[in-house]
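Predicted model, so just to flag it, every value in this text is computed and none were measured. Lettering follows sequence order; numbering is per chain, from 1.
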Protein chains: 2
Amino acid sequence: MKKGYCPIDTFIQSIKGKRKGTIILHLFIEKRRYNELAKLMPDISERMLSKQLKELEEDLLIQKTIYPEVPPRVEYSLTNLGKEIQPVLKSMFRAGIHLEKQMEK
Amino acid sequence: MKKGYCPIDTFIQSIKGKRKGTIILHLFIEKRRYNELAKLMPDISERMLSKQLKELEEDLLIQKTIYPEVPPRVEYSLTNLGKEIQPVLKSMFRAGIHLEKQMEK
DNA sequence: CAGCATCCGTGAGGATACTG
DNA sequence: CAGTATCCTCACGGATGCTG
């Protein structure tokens, strides 16, 4: 991961990628397979999804478990680091609802 | 402001611009003039700074007060909406420190 | 099933110079 | 002092197709 100019910048960089917030939100609930995530977020292309997943993995926020089966099975879940930012993401979610209400006016 | 795919996305969009987090952080402390902000963040070009300020203003997170003096004086401060997201930004700051510690390993 | 490869458009953001 | 204007570059992200 790249360190930002200040801590808040670092944090934003790690979660600002396309739909990263939503991905983490889904993984809060439970671990998910690649295709499950793809179906949960139809608006994001598969190329983008795999790219974001890889970045989140490199940033140590999520991890994947590969089961050597046929057909292949891969499950994504939060790392401990990822779980630790859960309350922050939740308050961001709430703040987002608040911002959207303001936009209506 | 643009509404995102979900609230957390909306929130991220409103603060992900270049150094926006830092700008808001500075305005938490006290209202600032344009040049003060520029000096506090030497890494951002003036063009970028004025652009980010304008966007934050359009998103109703900050406001500016223009004093009809010579030389001109303009002060930027947080709106009520901006103040309301303060705790969120603060926890993002703390999380950022945490992420940076992990990066060292 | 879970992806990567390739090609490509758009816009975020940088550098520099100018103005009311 | 507090910005705008102009130009330019590069990486974010889209679309489509292929593979272990």
Side-chain angles (χ1 to χ4, degrees), chain A residues 1-6 8-10 12-24 26-27 30-59 62-77, chain B residues 1-6 8-10 12-24 26-27 30-59 62-77:
Chain A
M1 196 206 313
K2 245 181 24 193
K3 190 171 177 175
Y5 297 101
C6 82
I8 200 167
D9 199 40
T10 301
I12 291 174
Q13 281 191 42
S14 71
I15 50 93
K16 77 168 183 175
K18 188 77 173 177
R19 312 306 319 275
K20 273 185 186 171
T22 315
I23 292 172
I24 300 176
H26 282 305
L27 296 182
E30 58 180 328
K31 60 182 182 322
R32 292 289 190 183
R33 301 178 62 170
Y34 177 85
N35 252 19
E36 290 180 315
L37 289 170
K39 280 171 193 163
L40 286 166
M41 293 172 287
D43 54 281
I44 182 175
S45 69
E46 302 219 354
R47 175 191 167 281
M48 253 310 124
L49 177 58
S50 68
K51 201 180 163 200
Q52 302 303 316
L53 287 170
K54 182 173 283 184
E55 287 180 14
L56 285 170
E57 197 189 349
E58 286 168 0
D59 289 354
I62 71 173
Q63 60 197 335
K64 63 177 178 181
T65 313
I66 302 174
Y67 297 89
E69 303 172 357
V70 179
R73 183 158 65 100
V74 177
E75 282 178 350
Y76 290 91
S77 57
Chain B
M1 195 203 315
K2 246 180 26 193
K3 191 171 176 176
Y5 297 100
C6 82
I8 199 165
D9 198 39
T10 301
I12 291 174
Q13 281 191 42
S14 71
I15 50 94
K16 77 168 183 175
K18 187 76 173 181
R19 312 307 318 277
K20 274 187 187 171
T22 315
I23 292 172
I24 299 176
H26 281 306
L27 296 183
E30 56 179 330
K31 59 183 183 322
R32 294 287 191 183
R33 301 178 63 168
Y34 177 86
N35 252 20
E36 290 180 316
L37 288 170
K39 281 172 193 163
L40 285 166
M41 293 172 288
D43 54 280
I44 182 176
S45 69
E46 301 218 354
R47 175 192 166 282
M48 252 313 124
L49 177 57
S50 68
K51 200 179 164 201
Q52 301 304 315
L53 287 170
K54 182 173 283 185
E55 286 180 15
L56 285 170
E57 197 189 349
E58 285 168 1
D59 289 355
I62 71 173
Q63 60 197 338
K64 64 178 180 180
T65 313
I66 302 174
Y67 297 88
E69 302 173 357
V70 179
R73 183 157 65 100
V74 177
E75 283 178 350
Y76 289 92
S77 58

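- Note that the OG1 atom of B/T10 and the CG atom of B/D59 stand 10.5 Å from one another [nearest 0.5 Å].
- Residue A/E55 contributes atom CD, which lies 12 Å from atom P of C/dC4 at whole-angstrom precision.
- Atom-to-atom, CG of A/L53 to C1' of C/dG3 comes out at 10 Å; the value is rounded to the nearest Å.
- Residue A/Y76 places at least one side-chain N or O closer than 4.0 Å to OP1 or OP2 of C/dG3.
- If you run side chain to side chain contact (heavy atoms under 4.5 Å, CB included) between B/K20 and each of B/L53, B/I62, B/L56, only B/L56 comes through.
- Residue B/Y67 places none of its side-chain N or O atoms closer than 4.0 Å to OP1 or OP2 of D/dA2.
- Residues B/L49 and B/I23 are in side-chain contact: their nearest non-hydrogen atoms beyond the backbone lie under 4.5 Å apart.
- Sequence neighbours left out, the pairs with a member in residues 36-45 of chain A that pass side chain to side chain donor-acceptor pair (under 3.5 Å) are A/R19-A/D43.
- Atom CD1 of B/I62 and atom P of D/dA2 are 14 Å apart (whole Å).
- For A/K54, a side-chain nitrogen or oxygen approaches OP1 or OP2 of C/dC4 to under 4.0 Å.
- D/dA2 atom C1' lies 13 Å from atom CD of B/E57, rounded to whole Å.
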Worksheet, complete the sentence: Per-nt protein contacts along nucleotides 13-20 of chain D (heavy atom under 4.0 Å; B base, S backbone sugar-phosphate only, - none) come out as BBB----B

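- Under the 4.5 Å side-chain criterion, counting only non-hydrogen atoms from C-beta, B/Y76 is in contact with B/L37.
- Atom-to-atom, CD1 of A/I66 to C1' of C/dC4 comes out at 14 Å; the value is rounded to the nearest Å.
- One can place CG of B/L49 at 18 Å from P of C/dT16, the figure rounded to the nearest angstrom.
- For A/M41 and C/dA2, the CE to P distance is 13 Å, given to the nearest whole Å.
- The phosphate of C/dA2 (OP1 or OP2) has no side-chain N or O of A/S50 nearer than 4.0 angstrom.
- For the pair A/Y67 and A/R33, the minimum side-chain heavy-atom distance is 4.5 Å or more.
- For the pair B/K64 NZ and D/dA2 P, the computed distance is 11 Å after rounding to whole Å.
- Using a 4.5 Å heavy-atom cutoff, the side chains of A/Y34 and A/E46 are in contact.
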